[in-house]
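This report concerns only the one structure given below.
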Amino acid sequence: MYNLLIGGAAGQGVDTITHVLERFIKHAGCGVFTTRDLMSRIRGGHNFALLRFGQTAPSGHDDRLDGLIALNEETLALHLPSLDPQGFALTGLDSDSQDPRVIKLDSLGIAKSLGNQRAAGSVALGAALKLLGIPFTREAAGPIFARYLKEDLVPVNVQAAQAGHESVSQLKKPLQGPYDGHLLLSGAQALCFGAMAAGLQFYAAYPMSPSTSILEHLAQHAGEVGYLVEQAEDEIAAINMALGASYAGARAMTGTSGGGFSLMVEGLGLAGMGEIPLVVVNAMRPGPATGLPTRTEQSDLRFVISAAQGEFPRMVIALRNHEDAFHQTARAFEMAEKYQIPVILLTDQYLQEATATIPLPNPYHIRQPQPLPPEGKGEYARYRYTKSGISPRILPGDPRGFSAVDSDEHDEQGRIIEDADTRVKMMDKRMGKLALLKKDLQEPEHLGEKEPDILLIGWGSMDGPLREAVDLLNAGEGPRVGALVFGDVWPLPERRLRKYAQQAKQRINVEQNYTGQLAQLIREQTGIAMDASVLKYDGRQLTGAQIADRVTKEAGK
Amino acid sequence: MTQQHIYQTHETAWCPGCGNFGILEALKMALEGLNLDPHDVVILGGIGQAPKTPQYIECNSFCGLHGRAVPPAVAVKMVNLNLKVIINSGDGDSYGEGGNHFLHNIRRNVDIAHFVHDNQLYALTKGQASPTTMEGMVTPVQVEGSMSIPFNPLLVALGTGAGFVARGFSGRPEHLAGLMKRAISYRGYALVDIFQNCVTFNKLNTYAWYNSRVYELDDSHDTSDLAAAMALASQFGEQIPIGVLYEKPQPDYNSRHAQLSSGQVLAGRDNDPEVVARLMRQLV
Ligand SMILES: Cc1ncc(C[n+]2csc(CCOP(=O)(O)OP(=O)(O)O)c2C)c(N)n1
Ligand SMILES: [Mg+2]
């Protein structure tokens with residue numbers, strides 16, 4: 001596996017170069033995992049991307065570099081210390097570095113001679129491909145550049161890349177894998193496709209990083225797929241619009257980050273009280289308040305589980321990786337309609353923005369959930385008491401009856417009530433749905449040893465880093481390690497947890513937050529306590545190697 | 001009336017003499033006058049005394065959150081343009097807690113009728129000042145009298161670009177029903193601010209107070225004249241005009257929308273998996 005960093009000032013084309021490199025590398029058969037500007041805006045708009053690839057698809061990022069494309073000196077200064085002794089760093093001729101790993105390339109001169117000095121980045125790109133043993137042909141390069149550049153800029157960039165490719169000789173052993181036919185996409189895109197496949201018809205949101213990419217991706221394809229995207233005046237409007245759309249019979253979703261979710265909380269309760277199916281995405285970033293807007297954290301778990309006054313059934317699913325994001329988003333729609341509840345999808349900046357290679361999902365295998373139709377005769381009542389607690393749901397416009405929503409406590413017809421009897425019956429009806437929902441829960445995925453000495457426990461986007469950490473730890477001589485990665489976090493699935501937690505000698509939670517929120521939840525729900533924690537809250541995702549190091553330090557303590 | 005009502009009404013929790021009764025009566029007259037099938041009508045409200053209106057009339061209803069009647073209302077219309085979408089809500093709900101939605105949905109111009117029962121205070125919470133409370137009015141909270149400049153919903157609506165702006169009075173249900181019919185038939189966002197006497201809490205703006213001041217606009221007012229409408233909207237003294245102040249046809253949200261202008265209904269619609277598959281293949 002190789003790890004490449006592409007860095008430069010804003011406007012030097014870091015993003016485009018990264019996109020093009022990813023495509024070339026995938027075309028050569030490698031699996032890719034890229035995180036973008038992990039440390040951006042240190043100063044002067046330093047941007048960079050970390051592109052990791054290999055014969056098997058990487059599940060997360062790493063900070064030890066095999067190659068560095070430094071579009072400016074600052075990149076070199078900042079990242080050379082992380083470069084492997086066998087690695088390479090591509091710079092311009094103007095660099096005064098004496099480091100033997102530095103390869104000075106006249107990218108600017110070559111680009112100028114080709115007639116466009118802004119193609120300098122493509123010269124470096126071509127050279128990097130060659131150093132990594134990745135083939136270059138004009139035929140393949142044209143369409144790849146054309147994805148990201150204006151048509152008239154394609155030829156000069158292809159030429160520049162070719163010139164770069166010819167200017168150096170191969171340094172690294174070429175890697176090859178089965179990934180050429182895979183999809184290359186971000187976590188946000190995977191989520192969006194999952195929603196489309198599940199029949200999304202309405203998305204309302206107010207921009208907030210890192211959820212904005214959902215709003216943008218969905219807007220981009222709205223016309224073609226046929227659903228509606230509306231930018232709301234605020235998050236309160238966004239969730240209330242989504243509720244109106246869902247009430248009227250359009251599968252609806254809204255999305256935001258923690259600050260916006262805070263504003264949506266009352267609406268979440270309305271979904272619970274009104275039994276209105278709804279999918280709400282919370283793409284987490286470090287809080288509180290505005291926090292670190294472009295960074296990552298897993299600190300909203302306890303918040304979303306208990307957000308809103310009163311008690312009502314809800315489901316919370318944490319997205320673990322790109323493939324999971326597709327399937328779980330689709331499943332969220334299914335659960336929301338089946339139980340007529342709000343389903344919250346927890347994702348985060350790390351997963352939203354990272355790109356990865358995944359097998360092409362098949363939308364024909366995804367159900368587009370339908371409202372439960374009324375059966376039998378008799379007057380229709382929206383909140384009919386049933387054995388399951390789930391009442392048939394007709395839509396406004398249906399001549400069979402009237403559809404009612406009431407945020408006050410109500411009777412079967414949806415009219416305000418005050419009496420104790422009806423209150424108790426309605427609470428029992430709504431809360432009773434939880435018992436059924438628990439049968440639909442998915443147990444956490446188990447990784448590594450079947451009978452581990454150390455059991456690692458994580459959730460959501462810690463999936464990728466944990467996979468790598470488990471492999472690293474089990475490759476050594478130390479204690480045997482297994483892990484459980486939770487996707488469904490509320491209601492909390494307990495079966496597999498109880499089994500493994502009992503067997504293991506040591507239980508360690510690995511989370512991207514300060515207080516160990518999953519560990520708290522597990523203890524509250526099951527009485528199982530962790531023996532140690534690996535926590536991080538600096539806004540930068542743990543890597544597999546970092547987890548392995550810290551687990552080794554905690555082991556046997 | 002001898003005709004059998006298609007719109008059944010239910011027992012209410014309003015005080016005897018409440019202006020809401022006149023508004024409910026006018027609403028029924030309007031709906032029946034327009035011959036609308038109650039199954040195709042959705043009435044939404046927020047929370048308050050006025051926003052209980054959807055509870056009292058038999059059709060589809062959505063009593064959501066305080067201040068939040070407008071967002072679900074416009075969404076219902078966006079996803080199913082075959083439904084008639086009406087809001088009955090309070091002045092506090094519409095202009096106070098929901099002020100941001102009021103502003104931006106005038107701009108959005110979705111085809112809904114927004115009937116604001118304007119009793120110039122918060123009745124459900126027992127009489128505190130609302131945005132339209134008159135300066136100096138004493139309430140249990142504004143003990144020295146309300147200090148803020150009263151909000152003028154009609155001027156704000158006109159200034160923000162609303163295409164239909166009217167004012168009615170609960171004490172003139174037949175006149176009000178006429179306004180409601182026009183508002184419901186108007187294609188786009190239509191505001192009717194309705195003076196509503198609150199017998200329990202508003203001892204200043206009583207039935208008699210309104211009744212002695214309101215006068216019905218006649219044909220001499222040109223409803224396409226924005227400046228004239230603004231002048232009328234500013235009249236709030238011994239003489240207060242009721243009627244349609246302004247009516248201008250302008251394309252509504254659905255008809256301007258690239259996807260909805262063809263009449264597409266999203267409620268009950270499924271996506272074509274082939275289209276989704278094609279989009280994903282583009283990322284291979
Ligand atoms: C979020 C929230 N804040 C406050 C309330 C309490 N509340 C309910 S109705 C209302 C004001 C109602 O005034 P208005 O909309 O004018 O209706 P009216 O009762 O006068 O008809 C308030 C403050 C609430 N239900 N929800
Ligand atoms: Mg009021």
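Letters go in sequence order (proteins before strands), and every chain restarts at 1. Just so we're clear, the structure is a prediction, and the values are computed from it rather than from any experiment.
- In this structure, the portions of B/Ala277 lying under 4.5 Å from any heavy atom of chain A include both its backbone and its side chain.
- In plain terms, the two heavy atoms of B/Ala75 and A/Ala245 that are nearest each other are CB-N, 3.7 Å.
- Looking at B/Pro38, both its backbone and its side chain come within 4.5 Å of chain A, counting heavy atoms on both sides.
- Between A/Ile236 and B/His101 there is a side-chain heavy-atom pair separated by less than 4.5 Å.
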Which is it for A/Glu233 and B/Arg107 under the salt bridge (charged side-chain N to carboxylate O under 4.0 Å, His left out) test, yes or no, and what are the steps along the way?
-> CA-CA 11 Å; A/Glu233 56 271 24; B/Arg107 298 178 45 235; over 6 Å; no
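- Proximity to chain A (any heavy atom under 4.5 Å) is restricted, for B/Ile47, to the side chain, taken from C-beta onward.
- For the pair B/Pro72/A/Tyr247, no side-chain contact is recorded, criterion being any heavy-atom separation below 4.5 Å from C-beta on.
- To the nearest 0.5 Å, atoms OG (B/Ser61) and NE2 (A/His410) are separated by 10.5 Å.
- Atoms CG and NE2, on A/Asp398 and B/His39 in that order, are 7.5 Å from each other to the nearest 0.5 Å.
- With respect to chain B, the highest number of heavy-atom pairs below 4.5 Å among A/Leu360, A/Ile239, A/Leu228, A/Leu395 belongs to A/Leu228.
- Under 3.5 Å, the side chains of A/Asp408 and B/Gln55 contain no donor-acceptor pair of N or O atoms.
- Neither the backbone nor the side chain of B/Leu44 has a heavy atom closer than 4.5 Å to any heavy atom of chain A.
- Heavy-atom distances place no part of A/Pro371 under 4.5 Å from chain B, backbone and side chain included.
- Contact annotation for A/Ile276: only side-chain heavy atoms (C-beta onward) come within less than 4.5 Å of a heavy atom of chain B.
- Contact of B/His104 with chain A is made through the side chain alone, with heavy-atom distances under 4.5 Å.
- Heavy-atom distances place no part of A/Arg382 under 4.5 Å from chain B, backbone and side chain included.
- Inter-residue side-chain proximity for B/Met280 and A/Phe326 is flagged as met; some heavy-atom pair is nearer than 4.5 Å.
- Annotation: maximal heavy-atom pairing with chain A below 4.5 Å, among B/Arg108, B/Lys77, B/Arg68, occurs at B/Arg108.
- Within residues 11-22 of chain B, no residue has any heavy atom less than 4.5 Å from a heavy atom of chain A.
- If you measure heavy-atom distances from A/Ala190 to chain B, you find no contacts under 4.5 Å at all.
- Residue B/Val42 comes nearest to A/Pro396 through the heavy atom pair CG2-CB, 3.8 Å, listed as atom of the first residue, atom of the second, then distance.
- Contacts of residues 22-29 of chain A with chain B at a heavy-atom distance below 4.5 Å involve A/Arg23, A/Lys26, listed in sequence order.
- For the set B/Arg278, B/Arg281, B/Met78, the entry with the most heavy-atom pairs within less than 4.5 Å of chain A is B/Met78.
- Other residues, nucleotides and ligands contribute only 12 or fewer heavy atoms inside 6.0 Å of the CD atom of A/Glu418.
- Scanning residues 193-204 of chain A against chain B with a 4.5 Å heavy-atom cutoff picks out A/Phe193, A/Met196, A/Ala197, A/Gly199, A/Leu200, A/Gln201, A/Phe202, ordered by number.
- Along residues 262-271 of chain B, the residues that come nearer than 4.5 angstrom to chain A, judged on non-hydrogen atoms, are B/Leu266, B/Ala267, B/Gly268, B/Arg269, B/Asp270, B/Asn271 in order of number.
- Note: A/Arg147 leads A/Arg147, A/Arg400, A/Gln189, A/Met273 in heavy-atom pairs under 4.5 Å with chain B.
- When the candidates A/Gly414, A/Gly267, A/Ala237, A/Ser246 are compared by the number of heavy-atom contacts under 4.5 Å with chain B, A/Ala237 comes out ahead.
- Each of B/Leu103, B/Val41, B/Asn105, B/Leu65 has some count of heavy-atom pairs under 4.5 Å with chain A, and the biggest count is that of B/Leu65.
- Using a 4.5 Å cut-off between heavy atoms, B/Val276 contacts chain A through both its backbone and its side chain.
- With a 4.5 Å cut-off on non-hydrogen atoms, B/Asp37 does not touch chain A at all.
- One finds the CG atom of A/Leu243 at 5.5 Å from the CZ atom of B/Phe62 (value rounded to the nearest 0.5 Å).
- When A/Asn362, A/Ile366, A/Thr357, A/Leu270 are compared by the number of non-hydrogen pairs under 4.5 Å with chain B, A/Leu270 comes out ahead.
- Residue contact with chain B, scored on non-hydrogen atoms closer than 4.5 Å, is absent for A/Gln413.
- Taking a 6.0 Å sphere around CZ of B/Arg256, one finds it holds more than 12 heavy atoms contributed by other residues, nucleotides or ligands.
- Proximity to chain A is limited to the side chain of B/Val74, based on heavy atoms less than 4.5 angstrom apart.
- Between A/Leu185 and B/Leu283 the shortest side-chain heavy-atom distance falls below 4.5 Å.
- A/Phe333 CZ: more than 12 foreign heavy atoms inside a 6.0 Å radius.
- If you tally non-hydrogen atom pairs under 4.5 Å between each of A/Ala404, A/Gly223, A/Pro399 and chain B, the highest count goes to A/Pro399.
- Heavy-atom distances place the side chain of B/Leu83, and not its backbone, under 4.5 Å from chain A.
- If you measure heavy-atom distances from A/Asp180 to chain B, the contacts under 4.5 Å come from the backbone alone.
- Ranked by non-hydrogen atom pairs under 4.5 Å with chain B, the options A/Gly269, A/Gly401, A/Ala252 are led by A/Gly401.
- For chain B, no part of A/Gln220 is nearby; none of its heavy atoms comes within less than 4.5 Å.
- We find the SG-CZ distance between B/Cys63 and A/Arg415 to be 10.0 Å, quoted to the nearest 0.5 Å.
- Inspection of the B/Glu274 and A/Tyr364 side chains reveals an N or O donor paired with an N or O acceptor under 3.5 Å.
- Contact record, A/Pro363 with B/Pro273: CG-O, 3.6 Å, taken as the closest heavy-atom pair.
- The two residues B/Val284 and A/Gly181 make their nearest non-hydrogen contact at CG1-O, 3.5 Å.
- Interface remark: B/Lys52 contributes side-chain atoms only to the contact with chain A (heavy atom separation under 4.5 Å).
- Of the inter-residue distances, the one linking B/His10 atom NE2 with A/Ile416 atom CD1 reads 12.0 Å to the nearest 0.5 angstrom.
- Comparing B/Pro71, B/Gly45, B/Ala258, B/Gly67 by heavy-atom pairs within less than 4.5 Å of chain A, the highest count is held by B/Pro71.
- B/Asn60 contributes a side-chain N or O that, together with a main-chain N or O of A/Ser403, makes up a donor-acceptor pair within less than 3.5 Å.
- Taking every heavy atom of both residues into account, A/Ser407 and B/Gly64 meet most closely at OG-O, 2.7 Å.
- To the nearest 0.5 Å, the span separating CG on A/Asp234 from CG on B/Asn100 amounts to 5.0 Å.
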